[in-house]
Amino acid sequence: MYKWFALKRILRGVVMFTLLMFVFSALFNTVSEKTQRAGIREEVAMKVNRLKDLKPEQIEKYRADETERLIKMYRLDRPVIERIVVRALNTVTFRFGNSTIMKSSGGSRMVIDIIGEALPRTILLFTSAIAIELLIGVYLGFKKAQKPGSALDRTTSIVTMVVYGLPSWWLGMMLMMTFVYAIKIFPSGGILSVPPPDNGFLRLLDVLWHMALPMITLLLIGFWGLAYIVRNIVLGILQEDYIMSARARGVPENKVLFGHTLRSAAPPLVTMGLLSLLASISGAILFEGIFSWPGLGNLYWVAVQQNDIPVLLGDLAITTGIYLGGLVFLDLIYGFLDPRIKVGGKA
Amino acid sequence: MNLKDFLAGLSDFWSEFRRDKAGLIGLAILVVAILAIIFEPVIVPFKEVNSKWRDINYWEDNSSGAPPAWTNAFSSEKKAVTTSLDRPRKEEIEGDGVSIRRYEFDYSYRYDQPPLDVIFRAEGWGTFPILVSVERPDGQVIDLYQYVAEGLDGDDLRVTLANDSKSAAYQFLAVNASEADMANYDSYSVKPMVIMFSEASPSMATAPVALTGKYKFIVQTMVMSEDVRIDNAHFTVVGSVSGILGSDTGKRDLFSGLLAGLKWALLIGFVTSFISVLLGVLYGIISAYFGGAIDSTMNFIYELFVSMPVLPILIVISAVFKPSIWFIIAALVVFSWTGPVKTVRSMAMQIKEETYIEAARALGAGKWRIIFKHMLPLLIPYSFASMALSVPGAILYEASVSLLGLGDATITTWGQILHDALSSGAVLNGLWWWVVPPGFSIAIMGMSFAFIGSAMDKILHPKLRTR
């Protein structure tokens, strides 16, 4: 039953996420408590400043009481284990608390607001890049597998290896140097011009214009590895007997390729393809910073520069969540495409 | 597996590997890189780059943000190249009680654009007067600067002629240039370097023509007592182009930095991939061999690690703990051992069912003996390919962490050079010689390991080979 398989897989993802949040919570316990204590000191100092007409002893007493109250509230007086568990549970339910310095464009200091603002932009950039990469990669992979050893296959394989260790952020820097500062075609960064155009359609064009160079960078190195993986999977299938028999029966080559082969290649293709894309994207988060694309990746840059630990940890939780979500989604597709998987129910 | 078998296997492998052109290219790049590391002390222009990369004083005499010297070949106006003059002719003229010590440095000038500065530097002991002068190709001698160094004890003597010889240059200009031109000049606005390296003519103030040929920089000092000593006297001609790869805005020589980063890149790559692949292969074999509850538990742990996005976690860990390079390598191992596990596990599952394993077991071989003696050797070729292919990832991760400025500050890596470039606006200002080489090196290293790894892969999986 597909629905039980799906439910099981999703639950497993949730458990995994919770578990990871516990690990992170324990790992970063000291530093997050340090920032919490600093936050408490700041809050108390602000409240004390607002007090008027009080004797020094009263102020001192107020300061001590208030500090104690906040420490109780944040449970900093409880045992370590409890603190770690509570923080992990807060993370799982997306209660990240307040940032230390950073603010969202609406002026909110809630970490969730800051991240919520960045998330859609990352999704916009990367889903469009993935979609195009998938199309080109799969097509190129099939073409390569069709005539292994041909000029096309060999040159593209070499390009794959040439870009294997190429940092996408460095390519971004190069393209920026060329097409933003030397030849002024593209904007220097951000998602909208300042001031943004007020017409809705012009606004869309503006976003597309800002998106162009990051997209080009991602595409230039994105699909090669995918095409190589597709080629190897498809090549294995093309050597099966039923493909030979289909060819012998006179089935048109394109039908053999995209009908017979694609169907049996689909499950491993989806896994390997999406997995490699997922990995490349988790590696490409730095890349947003180069283009000042205000997404989750750029948030890491800003949070590191301003040493804003709550934002950093929140960003990490969300990135991990998305990554895990991607893995679960992948298994769901796999189960859908490969009927053998869901029978056993063991992903 | 004894030595003879191993060597035979190796020569078989080599005869197959030799046929893969890309693999050979990768190997050649790797060999060149290793040679460069071995001969680093000989090739590197700035010998103390490893310990002084972040020491501003060490770089103070270099040119700032200068393009590479070879860019002269592409420009119509040749710019002076940064050079060090450190082989003076020493002469001692004895007088009664005092002697005059004279150092002569030859400099052949054949450019259109004069240097930005000429700096004299030495270590001195005692009290002595010092006179710096230059003898030009046209025979004229200009006394550029004189002063008395007092009570030195191994201190640095530093004379920067671009600033210190302004009045001398003004006087020289006043003698030669036309009066009308001189009206616009005073001893502050004068440019000593332009004057020193231009033909003496009435129009030299407004339209200087470069005077090429042999210049002699002369440093004279009077030695009045026994304890006067001058060591390590040298001139630096600070040009507007510099070195093989230019310099950054912190005046650091980028070629030296690149060489210093090479060994770290290879070290990070090798150590990380070696340990993590070894761990991953063992993990896969053990998981497959024992099966049952152990297999499921190990599978779960594996999945937990696979579910973590490596780079974000690495960034946060580095931001929080400010780690050393060894900590970064350890963290990389912790997150990248998962690479070969899945493949190894399925391969080990097959090997486990082979009859010779059964035979070994029937003979009473222990499980660890079977794992290490009979299963691991079969997976070694795969491990090597896997190691080669995981080197670029490790280099890339370290570079990414360093790019954010979170790297180990006691060493020099390519990522850190790129971080400095990015934060100093090298991209914005088009200082390409600062941005291109480090990233290019990362890409080249990645490429060579990809070539080697895929050549190995092809030997191991003949099915992938082109027909």
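Sequence lines set the chain letters: A, B, ... in the order given, protein chains first and strands last, and positions in each chain run from 1.
Smallest separation of non-hydrogen atoms from Arg12(A) and Phe300(B): NH2-CD1, 4.4 Å. Residues Ile442(B) and Trp169(A) come closest through the heavy atom pair CD1-CH2, 4.3 Å. Residue Leu327(A) comes nearest to Ser307(B) through the heavy atom pair CD1-CA, 3.8 Å, listed as atom of the first residue, atom of the second, then distance. For Leu389(B) against Tyr164(A), the heavy-atom pair with the smallest separation is O-OH, 2.8 Å. When all heavy atoms of Trp170(A) and Val435(B) are compared, the pair lying nearest together is NE1-O, 2.8 Å. Of all non-hydrogen atoms in Ala443(B) and Leu166(A), the two that sit nearest each other are CB-CD1, 3.3 Å.
Considering only heavy-atom pairs separated by less than 4.5 Å from chain B, the leading option among Leu312(A), Leu316(A), Asp315(A) is Leu316(A). With respect to chain A, the highest number of heavy-atom pairs below 4.5 Å among Ile444(B), Leu431(B), Val320(B), Leu428(B) belongs to Leu428(B). The residue among Pro438(B), Ala399(B), Gly393(B) with the most heavy atom pairs within less than 4.5 Å of chain A is Ala399(B). Annotation: maximal heavy-atom pairing with chain B below 4.5 Å, among Thr178(A), Thr320(A), Thr160(A), occurs at Thr320(A).
Within residues 325-343 of chain B, no residue approaches chain A closer than 4.5 Å by heavy atoms.
Between Phe28(A) and Phe321(B), the ring planes are parallel. Angles under 30° get that label, and only those over 60° would be called perpendicular.
When heavy atoms are compared at a cutoff of 4.5 Å, Leu171(A) does not approach chain B at all. Heavy-atom distances place both the backbone and the side chain of Val436(B) under 4.5 Å from chain A. Only the side chain of Phe24(A) has a heavy atom closer than 4.5 Å to any heavy atom of chain B. Proximity to chain A involves both the backbone and the side chain of Ile317(B), based on heavy atoms less than 4.5 angstrom apart. With a 4.5 angstrom heavy-atom cutoff, Ile309(A) touches chain B only via side-chain atoms. For Val304(A), the part lying under 4.5 angstrom from a heavy atom of chain B is the side chain only. Using a 4.5 Å cut-off between heavy atoms, Leu313(A) touches chain B through its side chain atoms alone. For Ile315(B), the part lying near chain A is the side chain, with the backbone staying farther off; criterion is any non-hydrogen pair under 4.5 Å.
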**OP:** Go through the steps to decide whether Met173(A) and Leu418(B) satisfy the test side-chain contact (heavy atoms from CB on, under 4.5 Å), and finish with yes or no.
**Re:** CA-CA 10 Å; Met173(A) 282 161 92; Leu418(B) 282 167; 4.0 Å; yes
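For the atom pair CG (Asp457(B)) and CG (Asn232(A)), the distance works out to 8.0 Å, reported to the nearest 0.5 Å. Between the CE atom of Met161(A) and the CD1 atom of Ile25(B) there is a distance of 9.5 Å, given to the nearest 0.5 Å. Within the model, atoms CD of Glu303(B) and CG of Leu324(A) stand 10.0 Å from one another, a figure rounded to the nearest 0.5 Å.
Within a 6.0 Å radius of NZ in Lys147(A), no more than 12 heavy atoms belonging to other residues, nucleotides or ligands are found.
A search for ring-ring contact (aromatic ring centres under 6.0 Å, His included) contacts involving Trp432(B) returns Trp70(B), not counting sequence neighbours.
In this structure, Ile290(A) and Leu422(B) have side chains that are in contact, with non-hydrogen atoms separated by less than 4.5 Å.
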